[in-house]
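Note sheet for the following structure.
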Amino acid sequence: MPYQQETIKPYDVAGDKTSQVEEMFDNIAPTYDKLNHRLSWDIDRGWRKKAIKQLAPYNPKTMLDIATGTGDFAILAAKMLKPQTLIGADISEGMMEIGRKKVEKEGLSDIIKFQKEDCLSLSYPDNTFDAVTAAFGIRNFANLDKGLREIYRVLKPGGNLSIVELTQPVSFPMHQLFHVYSHTVLPLYGRLISKDRSAYDYLTATIEAFPQGEQMVEILKSAGFSNACFKRLTFGICTMYFATK
């Protein structure tokens with residue numbers, strides 16, 4: 001039985017979700033960073049820092065940033081954790097091309113490399129990475145269980161997974177306020193800036209459908225991870241997960 005968000009596609013046309021997600025992110029790549037920061041009032045920067053700090057005690061040297069997008073999380077991880085190598089993997093070349101320019105500007109091209117990868121079928125050997133990160137990306141997996149099993153496979157024994165993902169607040173009044181914001185301001189502003197009428201409707205739908213909290217922890221454990229835990233941030237608008245192979 002697929003999870004609800006796996007059946008939600010960016011466009012109301014025939015075709016698999018992965019291809020449509022790739023097309024959507026290629027379409028919105030030029031405005032993605034601006035929209036992300038404005039729609040979250042720049043709070044997303046703090047969320048990323050907290051997720052990276054989860055890995056600091058383990059001093060990872062080889063890292064993989066899944067669904068890296070334009071590389072914000074990869075760049076911050078490289079600065080904060082100073083790994084020897086960090087691969088940013090994504091299906092959208094449009095997003096990664098922007099990321100490559102940012103990495104070059106930051107002087108991190110020797111550490112961070114971008115590679116086009118299907119997150120459900122990674123090309124890396126078993127037990128490759130000390131740590132895997134994912135910021136606002138696993139919600140787009142066409143098969144969440146398969147994607148998490150792939151992450152588990154490429155992690156070294158004892159390696160760690162740090163996830164930060166948008167979620168729906170569960171407590172009053174944030175649940176009600178977020179519902180209004182995500183169904184009015186977010187899609188309207190997204191359409192005006194990105195010119196993609198569907199992308200930010202899709203964003204709202206997947207946030208609401210994605211398993212979160214205790215349910216997500218059980219899904220991580222089912223994929224093989226141990227010591228899986230979560231912490232809600234900013235009244236539950238975002239949730240941070242941590243798990244170990």
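Because the structure is a prediction, the values reported are computed rather than measured.
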Short side-chain donor-acceptor distance under 3.5 Å, N160 and T244:
yes
Salt bridge present between E23 and K9 (N-O < 4.0 angstrom)
no
Is any side-chain heavy atom of M216 less than 4.5 Å from a side-chain heavy atom of Y241?
yes
Where do K101 and M96 land on the side-chain contact (heavy atoms from CB on, under 4.5 Å) test, with the steps shown first?
CA-CA 9 Å; K101 293 175 183 176; M96 288 191 293; over 6 Å; no
Please determine whether the number of non-hydrogen atoms from other residues, nucleotides or ligands lying under 6.0 Å from atom CG of D126 exceeds 12.
yes
Check whether any side-chain heavy atom of F235 sits under 4.5 Å from a side-chain heavy atom of S171, and report yes or no.
no
Verify whether one side chain among T204 and D201 offers a donor that lies under 3.5 Å from an acceptor in the other.
no
Close side-chain approach of S226 to K221, heavy-atom, < 4.5 Å
no
Which value, rounded to the nearest 0.5 Å, describes the distance between D110 atom CG and K113 atom NZ?
6.0 Å
Any side-chain heavy-atom pair of P83 and T62 under 4.5 Å:
no
Counting only heavy atoms not in K61, do more than 12 fall under 6.0 Å of its NZ?
yes
Would you tell me whether R232 and T239 have side-chain atoms, one donor and one acceptor, within less than 3.5 Å of each other?
no
Between H179 and H183, is the ring centroid distance below 6.0 Å?
yes
Does a side-chain heavy-atom distance below 4.5 Å link F136 with C238?
yes
Should we say atom NZ of K49 is surrounded by more than 12 heavy atoms from elsewhere, each under 6.0 Å from it?
no
In Å and rounded to the nearest 0.5 Å, what is the CG to OH distance from L155 to Y124?
13.0 Å
Yes or no on side-chain contact (heavy atoms from CB on, under 4.5 Å) for Q5 and L144, after CA distance, side-chain angles and deciding distance?
CA-CA 9 Å; Q5 89 286 346; L144 179 60; 4.0 Å; yes
L86 and A77: which non-hydrogen atoms are nearest, and at how many Å?
CD1-CB, 3.9 Å
Does a salt bridge link K156 with D130, judged by any charged N lying under 4.0 Å from a carboxylate O?
yes
Shared hydrophobic cluster, L120 / L122 (ILVMFWY, side-chain heavy atoms < 4.5 Å):
yes
Can you measure from CD1 (I112) to CD1 (I75) and round to the nearest 0.5 angstrom?
5.5 Å
Shortest non-hydrogen contact from A142 toward T18:
CB-OG1, 3.5 Å
Decide yes or no on side-chain hydrogen bond (donor to acceptor under 3.5 Å, both in side chains) for K82 and N59, but give the supporting numbers first.
CA-CA 8 Å; K82 307 204 180 317; N59 194 28; over 6 Å; no
Considering only residues two or more places apart or on different chains, which pairs with a residue in residues 64-77 satisfy salt bridge (Lys or Arg N to Asp or Glu O under 4.0 Å)?
D72-K102
Measure the spacing between NZ of K116 and OG of S92 and express it to the nearest 0.5 Å.
8.0 Å
State, with a plain yes or no, whether a side-chain heavy atom of K50 is found less than 4.5 Å away from one of V164.
no
Pairing donors with acceptors under 3.5 angstrom, does anything connect the side chains of N27 and Y11?
yes
Does the Q212 side chain pair with the main chain of Q168, one donor and one acceptor, at a distance under 3.5 Å?
yes
Taking the six-membered ring for Trp and the full ring for Phe, Tyr or His, determine whether the centres of F242 and Y58 are under 6.0 Å apart.
yes
Has the side chain of T7 got a donor or acceptor atom that lies under 3.5 Å from a matching backbone atom of Q4?
yes
In the single-linkage hydrophobic clustering (I, L, V, M, F, W, Y; side-chain heavy atoms under 4.5 Å), do V180 and I237 co-cluster?
no
Side-chain touch Y200/I28, heavy atoms, less than 4.5 angstrom
yes
Just by modelled atom types, is the V170 backbone N or O under 3.5 Å from a matching donor or acceptor in the H175 side chain?
no
For the backbone of G236 and the side chain of T167, can you confirm whether one donor and one acceptor N or O come within less than 3.5 Å of each other?
yes
Nearest non-hydrogen partners of A223 and L148, listed with the distance:
CB-CB, 3.8 Å
Validation row: Q20, M24 side chains within 4.5 angstrom (heavy atoms):
no
Using a distance-only test with no angle check, is there a side-chain donor-acceptor pair under 3.5 angstrom linking K17 and N140?
no
Enter the distance from I111:CD1 to E106:CD here, rounded to the nearest 0.5 Å.
11.5 Å
Using 0.5 Å steps for rounding, measure from the CG atom of L220 to the CG atom of N227.
11.5 Å
Given side-chain contact (heavy atoms from CB on, under 4.5 Å), test W47 with I43 step by step and report yes or no.
CA-CA 7 Å; W47 295 336; I43 301 172; 3.3 Å; yes
Could you pull out all residues at least two apart from E150 that satisfy side chain to side chain donor-acceptor pair (under 3.5 Å)?
R153
Taking all atoms of both residues into account, what is the closest heavy-atom pair of V217 and A228, and its distance?
CG1-O, 3.6 Å
Of all heavy-atom pairs linking T206 and R139, the shortest is OG1-NE, 2.8 Å
According to a 4.5 Å side-chain heavy-atom criterion applied to Ile, Leu, Val, Met, Phe, Trp and Tyr, with indirect links allowed, do I207 and I8 form part of one hydrophobic cluster?
yes
Any link between L108 and F114 through a network of hydrophobic side chains (Ile, Leu, Val, Met, Phe, Trp, Tyr) touching at under 4.5 Å?
yes
With I66 as reference, evaluate D90, I151, I87 under the side chain to side chain contact (heavy atoms under 4.5 Å, CB included) test and give the passing residue.
I151
Ignoring hydrogens and geometry, is there a side-chain-to-backbone donor-acceptor pair from S121 to D118 under 3.5 Å?
no
Which atom names give the shortest non-hydrogen contact between E208 and S182, and what distance separates them?
OE2-OG, 4.2 Å
With distance as the sole criterion, is a donor-acceptor pair present between the side chains of Y3 and D145 under 3.5 Å?
yes
So with a 6.0 Å cut-off around CD of E104, is the heavy-atom count from everything else above 12?
no
Are T133 and I52 close enough, and set up right, to give a side-chain contact (heavy atoms from CB on, under 4.5 Å), and what steps lead you there?
CA-CA 8 Å; T133 57; I52 292 168; 5.6 Å; no
Is it true that the side chains of Q54 and S162 contain a donor and an acceptor less than 3.5 Å apart?
yes
Using a 3.5 Å distance criterion without hydrogens, assess whether the side chain of E165 forms a donor-acceptor pair with backbone atoms of A135.
no
